[in-house]
Amino acid sequence: MKKKNILRIVVLSALLAGNLTVKAADGDKLSYEIRNLLASPQGVAHRAATDGKVCVFVKLKEGMDESLLAQYGCETLTRIGAVYIANVPLGQLPQLAADEGVVRIETHTGGQHLLDVTPQWVKSTPVYEGLALPKAFTGQGVLLGIIDGGIDVSHPTFYNADGTKYRIKRFVDDYYSADETAGTLTHFGREYTTEKDILAKARSGDINETHGTHCASIAAGSGYNTPYRGIAYNADIFPISSRVAMSEKSDKGAPLEVLRMKHIFDYAEQQKQPCVINYSIGFHAIPNDAELFREALQGVQGAGKILVVAAGNNNDYPTYISKPEGMAAAGAAIMPRGVEKTIYAISGKPEKPFKMKFFYTKEDAKAKVITKCDSIVFDSENLPADTVKRNGFHVFVKRSDNFYSLFVRTEKKELNGISETPLLCVEGAEASVRVYGAPYVYFYNVNPAALPGDSRFASAERSHNLSIPGCLSEVLTVGALVGRSSYVNIKGETKVEEGAVEGKIASFSSVGPTLDGLTKPDVVAPGVNIIAAGNSYCKAAFGAELVKETTFNGRQYPWVSFSGTSMAGPCVSGIVALWLEADPTLTPDQVKEIVKATSHQVEEGMQSPNNTYGYGLIDAYAGMLKVLGIETAIRDVSTHQPSALTIRPQAGGAVQLSFNTAPQQSFRVRVYTVAGRLLAEQTLQPGQSDYTLDIAQPLQGICVVQVDGKEQGVTGSELIRF
């Protein structure tokens with residue numbers, strides 16, 4: 001990790017009622033969002049929505065305890081090492097920051113969202129079959145936590161395969177109604193602890209959402225009489241619905257999310273179960289401003305406690321602009337997702353002066369020419385103290401050390417319409433500046449022909465767009481691969497994902513590097529057109545995504561197709577659950593080492609890791625072999641299985657190879673004992689779908705079959721048992 005760059009705030013204006021101010025020295029202790037709550041009009045709304053309290057991370061100096069927090073009217077929710085999660089009166093934040101016993105205060109708000117072919121891609125079927133393993137692994141005895149929204153806990157996929165055993169052990173709903181009497185009220189929702197109460201509740205209160213049902217089904221659904229079985233289909237399940245998951249305007253944020261994670265891990269520890277939590281939610285990734293979030297995530301994890309997160313879906317459009325030192329200017333057109341959004345600019349160190357220019361324009365649709373009408377110029381050394389208003393746009397820039405926030409609001413319904421296109425650029429050849437918009441603001445490059453003589457607005461890139469916590473080293477971050485480019489819905493309509501190429505990264509899957517230079521994501525899994533359970537309480541909202549319906553206990557339950565890194569994350573969470581069944585003591589670092597050693601890139605010669613695929617496509621079976629120590633030391637044997645064919649033993653000592661598509665080139669097959677003795681070797685000719693390789697000796701036990709070919713997916717190895 002690079003050294004932390006704590007943002008230094010120079011002056012905070014007293015914009016809130018109550019004249020809240022923070023001294024410059026105390027501002028060092030506050031994260032950007034805390035400072036924004038204290039010094040922006042949005043803080044007033046937050047204050048009203050939360051009865052004047054905000055949930056935060058607080059780190060205290062050694063020797064200090066929660067009694068210090070109590071002095072300022074704070075309510076301590078939990079402690080993770082030196083980090084406390086507490087509800088703090090907003091009006092007390094300046095005084096709390098000024099206390100010598102306080103090291104730092106943070107919060108992060110506004111989260112966003114973040115199967116039947118999947119086993120073929122991730123090689124989980126041999127794990128279920130116990131192929132060359134001591135037993136079959138299905139997630140039995142492992143707790144799989146889900147923090148999400150739109151959770152239908154009555155869906156039959158959360159029973160076992162025949163619907164006789166219910167597998168949800170606890171349920172917390174953050175959308176409970178005020179008059180509910182069942183369950184236990186907690187700081188993060190109402191908790192239901194018995195099967196009777198959970199099924200009586202039936203679903204989370206956000207009945208217009210289905211995201212959490214789908215994710216939980218991918219990770220641990222039984223499939224109940226359908227092909228849409230999840231990965232760890234015998235695992236126990238603990239879902240928590242979260243308002244953070246469903247609203248970027250939520251008054252709740254990352255501190256409560258960590259509290260939810262800790263609650264699931266604590267329950268697993270009480271039950272003496274290993275646990276993996278799937279978290280398919282992301283926050284705006286403000287660089288170097290997640291120190292306590294990072295520390296808390298590290299603190300809640302440990303042996304048998306693993307956190308898997310989605311990378312984010314921010315790569316469909318450019319969200320990043322880089323103007324290195326020596327370049328005069330760089331910029332792009334702005335395509336905000338909504339009417340009031342924020343763009344961040346980060347200046348290099350040591351900082352050099354530069355200018356940010358915001359233009360509004362007129363566009364001649366016939367001539368395809370854009371005319372710049374006027375500009376708003378912000379000098380990094382002399383920023384205006386108030387909002388600049390022009391032509392319906394309201395723009396305000398706030399500075400904290402080398403970190404600039406550009407707030408853009410418009411009175412118009414659209415910013416990217418036919419007649420007007422807002423443009424942004426940074427200028428100053430001596431300065432190094434990076435501009436970051438994800439996940440709320442997209443950029444797009446303007447064809448230089450549309451701006452004759454002006455090439456400044458074509459510098460936007462698709463990179464640096466992972467969300468928090470996916471951009472942090474403390475978690476296992478998952479990107480989305482295209483496992484299925486199309487599906488057939490319940491009406492018989494074929495729906496094709498435009499531009500999706502099977503076996504390649506999904507266009508939307510967020511990519512690295514992170515803003516502090518880490519290579520991310522860590523691994524990829526199928527995340528396009530994934531069919532899994534849907535929330536039966538909002539099924540009227542399903543359109544073309546509805547694939548199938550199942551009747552259970554007199555109710556119709558949907559199966560739907562969705563795409564996103566949110567779908568890839570629970571696939572990996574389920575695989576980690578399989579590994580935890582084999583070794584309940586696995587640590588986060590060990591899981592990452594297994595991923596590193598056994599995942600494989602989709603193209604030969606691709607650098608590993610890289611900022612698109614990480615270490616490549618996860619391999620459940622190869623990972624399980626490593627967990628159990630059943631690894632071959634035979635030279636020239638692949639560490640991954642071939643994806644284009646299936647290898648099976650046959651009675652009498654023969655090996656059967658069945659190709660998905662008949663090969664067009666010859667290939668070589670070798671069979672070894674696990675000790676490395678070569679039993680058979682043969683080059684087979686193309687043109688068939690099935691081949692049989694006879695071995696001229698009786699075989700017993702486990703053998704290694706290595707296939708080598710020039711076509712994609714042919715090369716790889718498989719363990720088989722005679």
Side-chain angles (χ1 to χ4, degrees), residues 314-337 341-348 351-383 388 390-393 395 397 402-408 410 412 414-438 440-465 499 507 511-513 515 611-612:
N314 301 316
N315 203 42
D316 269 331
Y317 299 94
T319 57
Y320 181 75
I321 300 169
S322 175
K323 193 209 74 62
E325 184 179 343
M327 179 183 286
I334 303 172
M335 185 170 56
R337 297 166 62 183
K341 296 301 176 189
T342 308
I343 300 166
Y344 299 104
I346 305 100
S347 176
E351 187 171 14
K352 301 290 185 181
F354 67 94
K355 292 180 180 179
M356 284 183 282
K357 293 186 176 181
F358 180 86
F359 298 85
Y360 73 89
T361 66
K362 295 292 183 182
E363 181 176 342
D364 184 333
K366 286 187 177 181
K368 297 183 179 179
V369 173
I370 297 172
T371 304
K372 297 191 296 295
C373 298
D374 203 351
S375 66
I376 303 172
V377 181
F378 296 95
D379 190 321
S380 64
E381 296 187 310
N382 188 25
L383 296 175
V388 178
R390 196 166 298 164
N391 193 41
F393 292 107
V395 188
V397 175
N402 70 325
F403 185 77
Y404 299 79
S405 307
L406 178 71
F407 300 93
V408 180
T410 178
K412 305 174 188 304
E414 290 190 19
L415 283 177
N416 57 323
I418 296 298
S419 62
E420 296 183 346
T421 302
L423 306 175
L424 174 72
C425 76
V426 289
E427 294 183 350
E430 294 182 356
S432 170
V433 184
R434 297 178 293 163
V435 180
Y436 177 68
Y440 304 131
V441 182
Y442 292 147
F443 302 124
Y444 65 96
N445 291 320
V446 178
N447 187 332
L451 277 169
D454 194 340
S455 60
R456 289 175 294 175
F457 303 100
S459 304
E461 306 171 16
R462 295 188 188 191
S463 67
H464 297 77
N465 52 33
S507 65
V511 300
L515 289 175
N611 284 304
T612 301

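In this chain, numbering begins with 1 at the start of the sequence shown.
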* **Pairs meeting criterion salt bridge (charged side-chain N to carboxylate O under 4.0 Å, His left out) with involvement of residues 423-433, two or more places apart** =>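 Output for this query lists K357-E427, E427-R456.
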
* Spacing of CD1 belonging to I334 relative to OH belonging to Y444, to within rounding of 0.5 Å ->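 It comes to 9.5 Å.
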
All N/O donor-acceptor pairs, side-chain side in residues 317-329, below 3.5 Å, sequence neighbours left out:
| from | atom 1 | to | atom 2 | distance (Å) |
| --- | --- | --- | --- | --- |
| K323 | NZ | M327 | O | 2.8 |
| K323 | NZ | G428 | O | 2.9 |
| K323 | NZ | A431 | O | 2.6 |

* List for me each residue that meets side-chain contact (heavy atoms from CB on, under 4.5 Å) alongside K355, sequence neighbours excluded, and say none if there are none. =>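 With neighbours one apart ignored, the set is V377, D379.
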
* Asked: For V388, which residues count as a side-chain contact (heavy atoms from CB on, under 4.5 Å) partner, sequence neighbours excluded?
  ->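 Here the qualifying residues are I376, F378, P384, R390.
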
* Under a 4.5 Å cut-off applied to non-hydrogen side-chain atoms, are L451 and L423 in contact? ->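 In contact.
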
* Is there side-chain contact between V441 and F443, with at least one heavy-atom pair below 4.5 Å? ->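 Answer yes - side chains close enough.
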
* Partner residues of F354 under the ring pair (Phe, Tyr, Trp, His ring centres under 6.0 Å) criterion, sequence neighbours left out ->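 Partners of F354 under the ring pair (Phe, Tyr, Trp, His ring centres under 6.0 Å) test: Y404.
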
* Asked: Would L406 and L424 count as a side-chain contact (heavy atoms from CB on, under 4.5 Å) if you check the C-alpha gap in whole Å, the side-chain angles of each, and the deciding distance to 0.1 Å?
  -> CA-CA 10 Å; L406 178 71; L424 174 72; 3.7 Å; yes

Donor-acceptor pairs are to be reported for all side-chain atoms of residues 457-464 against protein atoms at under 3.5 Å, with residues two or more places apart or in another chain.
| from | atom 1 | to | atom 2 | distance (Å) |
| --- | --- | --- | --- | --- |
| E461 | OE1 | S463 | OG | 3.3 |
| R462 | NH1 | N315 | O | 3.3 |
| R462 | NH1 | D316 | O | 3.4 |
| R462 | NH2 | D316 | O | 2.9 |

* Asked: Within the distance-only criterion (no hydrogens, no angle test), does the side chain of N465 pair as donor or acceptor with the backbone N or O of V511 below 3.5 angstrom?
  ->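 Answer holds: yes.
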
* To do: Considering non-hydrogen atoms only, spot the tightest contact between I346 and F403 and give its length.
  =>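 Shortest heavy-atom separation between I346 and F403 comes out as CG1-CD1, 3.7 Å.
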
